[in-house]
There are 2 protein chains.
Amino acid sequence: MEKKLKEDSTSSTAKIKQAAHKLFLQNGYGSTSIREIAESAGTNIALLNYHFGSKQNLFEVVILEKIQMLLGRLAPIFSDEHTSLDQKIVAMVDTYIDFLLEDPDLLTFVLNEIRKNNFEFIAKTRLGEMVHQSYFMKQLKAATGAANSLQLLINIVSMMVYPFMARPVLIQTGLTDQDEFHQMMLERKKMIPVWVRSMLKSDVS
Amino acid sequence: MEKKLKEDSTSSTAKIKQAAHKLFLQNGYGSTSIREIAESAGTNIALLNYHFGSKQNLFEVVILEKIQMLLGRLAPIFSDEHTSLDQKIVAMVDTYIDFLLEDPDLLTFVLNEIRKNNFEFIAKTRLGEMVHQSYFMKQLKAATGAANSLQLLINIVSMMVYPFMARPVLIQTGLTDQDEFHQMMLERKKMIPVWVRSMLKSDVS
DNA sequence: GTCTATAACCTGATAGAC
DNA sequence: GTCTATCAGGTTATAGAC
């Protein structure tokens with residue numbers, strides 16, 4: 001109540017980051033000006049550059065923070081040596097879809113920015129190592145054979161993530177609406193593990 | 001040999017459209033200037049605006065053309081009343097993946113632009129009707145029940161499309177390389193129908 | 001149809017007062 | 001730390017010569 005918890009500059013920088021996140025996702029990097037961001041945050045471009053150095057740097061700080069939040073939730077699941085493959089898949093689907101329900105547009109945006117090579121921040125996340133050396137991949141390889149394990153991983157991630165990328169299309173075409181979409185994603189938390197189990201069985205061909 | 005086949009202006013506009021397609025996908029709409037496009041096409045901005053009116057219009061023309069190309073290939077498969085559901089899935093996977101192998105970045109780009117609402121061109125494609133009233137959806141509903149048919153369709157499209165969106169991540173993280181990725185996508189043309197069959201079986205729960 | 005020249009404006013970044 | 005004022009350069013679009 002009586003003390004600020006060492007948030008001296010935070011009030012200012014947090015507002016800027018929040019506004020930047022919203023505008024970058026809404027308009028894309030190239031179509032967002034730091035003027036807009038500053039105005040939306042109730043400040044000016046000079047202060048913005050004072051705190052973050054450049055537009056590019058602000059961008060990386062904001063997006064990296066979000067991505068690390070997702071990876072931070074997934075990493076413990078991937079590395080847990082005391083859960084079964086099936087338990088991991090259930091936990092992973094749950095975590096991923098909950099995250100995307102909070103921030104449905106983040107991955108569409110990030111994958112597109114990575115494609116344009118606007119920043120090579122994937123190296124900074126060490127995602128490759130996290131996946132490759134994980135106990136999860138060991139278990140998946142044991143269940144599918146080495147050749148198919150990556151294919152199966154791709155399937156699982158596809159079924160979690162792609163619906164969120166297609167969401168604007170699904171809604172704009174009238175194939176579903178906002179509420180129904182939300183309900184479908186909750187339903188998928190239950191169904192994706194079921195579908196994956198059936199794929200794993202058929203894969204022993 | 002001796003006659004131009006009524007391609008008077010095409011030589012000029014085709015070059016512009018080609019350059020626009022390449023640069024829009026590479027850099028995004030906001031980060032691509034018509035100067036770049038004009039230069040890359042060997043002309044100038046005045047001529048570009050003469051032919052296409054504005055940057056936004058050029059953008060819509062170029063992207064709509066590509067999307068219509070994909071939908072044009074898919075529509076006959078969806079509406080064919082003389083093929084089984086399984087045959088349709090095989091044909092659809094084949095068509096979709098072949099298209100994406102030619103133009104791997106198109107859907108990442110388009111889905112992101114739709115999200116930003118840079119243009120509401122989906123209405124122009126009548127995609128919703130094409131899917132909803134299709135013979136394909138009738139067959140899928142018969143095989144899964146009405147509630148799950150959309151979920152299944154989403155799964156199929158996810159498994160075809162998402163790998164291409166994740167491609168930059170898969171390659172930059174070292175989980176695969178360009179050649180291996182290509183090989184994996186060819187493999188998926190065979191495997192996705194198998195996976196879908198196993199999901200359809202498990203769905204009769 | 002094609003191109004040069006230019007209008008009118010927006011961009012990221014910074015210098016300097018407070 | 002914060003802000004005004006400004007710089008140098010890039011932006012789309014168009015007017016007008018040929």
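Per chain, numbering begins at 1; letters A, B, ... match sequence-line order.
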Note to self: Check whether A:Lys88 reaches the backbone of A:Thr83 with its side chain - one donor and one acceptor, N or O, closer than 3.5 Å.
What the structure shows: yes

Are B:Phe59 and B:Phe24 close enough that their ring centres sit under 6.0 Å apart? yes

Notebook entry, point to check: Do the side-chain N and O atoms of B:Gln183 and B:Glu187 include a donor-acceptor pair separated by under 3.5 angstrom?
Noted result: no

Rounded to whole Å, NZ of B:Lys15 lies from P of C:dT2 at a distance of 11 Å

As a check of understanding: the bend across the helix from C:dG1-D:dC18 to C:dC18-D:dG1, end axes from five pairs, rounded to 10 degrees, works out to 0°

B:Leu48 CG to D:dT11 P, in whole Å, measures 14 Å

Sorted by chain and number, sequence neighbours left out, ring-ring contact (aromatic ring centres under 6.0 Å, His included) with B:Phe164 holds for B:Phe181

Applying side-chain hydrogen bond (donor to acceptor under 3.5 Å, both in side chains) to B:Arg197 and not counting sequence neighbours gives B:Asp86

Check your understanding: Heavy-atom distance under 4.5 Å between the side chains of B:Tyr96 and B:Val93, does that happen here?
Key -> no

Contacts of B:Phe99 meeting ring-ring contact (aromatic ring centres under 6.0 Å, His included) (sequence neighbours excluded), chain-then-number -> none

Residues at least two apart in sequence or cross-chain that pass salt bridge (Lys or Arg N to Asp or Glu O under 4.0 Å) with B:Asp103, listed by chain then number, are B:Lys66

Rounded to whole Å, the CG-P distance (B:Asn57 to D:dA13) equals 10 Å

Here the distance between atom C1' of D:dT11 and atom CD of B:Glu39, to the nearest Å, is 15 Å

Its contact letters, B for base, S for sugar-phosphate only and - for none at protein heavy atoms under 4.0 Å, make nucleotides 3-18 of chain C read BB------BBBB----

